[in-house]
Amino acid sequence: MSIADFTGTILDELRSVLSRVPAAEADAFVADILSARRIFVAGAGRSGLAGRAFAMRLMHFGFDAFVIGEIATPAYSADDLLVVCSGSGETGSLVSIAEKARRIGGKIALVTIVPESSIGRLADRRLTLPAPSPKAKAGETVRSVQPMGSLFEQAVLLFLDAVVLELMSRRGVISEEMFTRHANLE
């Protein structure tokens with residue numbers, strides 16, 4: 001296979017995963033964002049990078065958005081939304097963050113492969129991206145040509161970018177307006 005063939009396969013896999021996200025889950029997630037005072041994003045590894053990209057776009061949109069663990073992240077409160085990006089929903093540090101958010105009383109949304117995970121049980125909203133799990137269970141039928149959790153990590157990035165487009169559509173915000181909030185001191 002060539003790189004072009006692999007690219008086509010990856011795009012087919014992404015289309016397959018993203019087309020199976022329930023519209024009602026996605027719409028409810030957008031409503032959660034619109035009703036939150038502030039949005040906090042947490043994730044680890046490549047899923048965390050996708051989450052960071054989402055927080056940046058939310059900031060460009062005009063939301064107060066923060067990445068958990070950054071030095072300038074303020075305190076989380078009961079009026080806030082925590083978005084956790086975790087394929088397994090079992091990453092120890094993210095479970096701890098979700099447990100603390102639950103104790104504080106804010107809303108939790110999980111973007112995951114495994115909605116019945118530890119974080120899934122704590123979450124108010126579960127967005128299931130049915131990608132294969134790198135920790136596959138016996139009998140799991142979803143497969144990918146890609147290594148490890150690549151398909152999920154890519155799907156998270158694209159799904160969250162689509163959420164931003166939906167927010168733009170609902171609020172009538174255009175890219176040029178968002179660009180006014182882009183870093184300009186570099």
Side-chain angles (χ1 to χ4, degrees), residues 6-36 38-70 73 80-89 91 94 107-115 119 123-133 142 144 146-184 186:
F6 284 126
T7 300
T9 300
I10 290 168
L11 292 172
D12 289 343
E13 289 181 354
L14 285 165
R15 197 170 286 107
S16 174
V17 167
L18 292 169
S19 68
R20 293 189 284 152
V21 176
E25 283 184 20
D27 287 342
F29 179 55
V30 170
D32 291 342
I33 291 168
L34 290 170
S35 66
R38 299 177 301 183
I39 300 105
F40 291 74
V41 181
R46 288 168 44 117
S47 302
L49 291 173
R52 291 169 67 94
F54 181 56
M56 176 185 272
R57 279 295 180 260
L58 291 174
M59 178 275 297
H60 290 150
F61 191 93
F63 289 102
D64 287 330
F66 305 95
V67 175
I68 298 292
E70 294 294 319
T73 300
D80 298 328
L81 172 65
L82 171 64
V83 177
V84 180
C85 302
S86 175
S88 69
T91 305
L94 300 176
K107 197 167 219 177
I108 302 168
L110 172 65
V111 184
T112 188
I113 299 167
V114 188
I119 300 171
D124 301 286
R125 179 93 45 231
R126 286 160 292 286
L127 298 132
T128 306
L129 305 183
S133 171
V142 179
S144 173
Q146 301 181 71
M148 304 169 68
S150 291
L151 180 55
F152 172 75
E153 296 146 2
Q154 295 157 356
V156 170
L157 180 66
L158 292 180
F159 172 75
L160 294 175
D161 274 351
V163 166
V164 171
L165 288 171
E166 177 65 15
L167 290 164
M168 291 171 70
S169 174
R170 287 190 189 190
R171 290 276 175 96
V173 172
I174 60 172
S175 183
E176 290 78 10
E177 179 183 340
M178 292 172 65
F179 214 92
T180 66
R181 295 181 197 91
H182 191 277
N184 63 2
E186 298 170 341

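Predicted, not measured: the structure shown is a model, and the values here were computed from it. The figures that follow rest on heavy atoms only: side chains count, while hydrogens, waters and symmetry mates do not. We number each residue from 1, following the sequence as shown.
Residues satisfying the ring-ring contact (aromatic ring centres under 6.0 Å, His included) test with Phe66, not counting sequence neighbours, are Phe40. Taking Asp12 as the reference, Arg15 meet the salt bridge (Lys or Arg N to Asp or Glu O under 4.0 Å) condition, with sequence neighbours excluded. Residues satisfying the ring-ring contact (aromatic ring centres under 6.0 Å, His included) test with Phe54, not counting sequence neighbours, are none. Residues passing the salt bridge (Lys or Arg N to Asp or Glu O under 4.0 Å) test with Arg181, sequence neighbours excluded: Glu177. Taking Asp124 as the reference, Arg102 meet the side chain to side chain donor-acceptor pair (under 3.5 Å) condition, with sequence neighbours excluded. Among residues two or more places apart in sequence or in another chain, the side chain to side chain donor-acceptor pair (under 3.5 Å) test is passed with Glu176 by none. Partners of Gln154 by side chain to side chain donor-acceptor pair (under 3.5 Å), not counting sequence neighbours, listed by chain and number: Gln146. In this structure Glu153 satisfies the side chain to side chain donor-acceptor pair (under 3.5 Å) test together with Arg46, sequence neighbours excluded. By the ring-ring contact (aromatic ring centres under 6.0 Å, His included) test, Phe159 pairs with no residue at all, sequence neighbours left out. Partners of Arg126 under the salt bridge (Lys or Arg N to Asp or Glu O under 4.0 Å) rule, at least two apart in sequence or in another chain, do not exist in this structure.
Contacts classified as side chain to side chain donor-acceptor pair (under 3.5 Å) and involving residues 48-59 (residues at least two apart or in different chains) are given here: Arg52-Glu70, Arg57-His60.
Side chains of Leu158 and Leu14 form a contact here, defined as non-hydrogen atoms less than 4.5 Å apart.
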Show me, pair by pair, the donor-acceptor contacts under 3.5 angstrom made by side chains of residues 23-31, not counting sequence neighbours?
residue, atom, partner, partner atom, Å
Glu25, OE1, Thr128, N, 3.1

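Atom CG of Leu58 sits about 8.0 Å away from atom CE of Met178, to the nearest 0.5 Å.
Using modelled atom types, one side-chain atom of Thr73 and one backbone atom of Val67 make a donor-acceptor pair closer than 3.5 Å.
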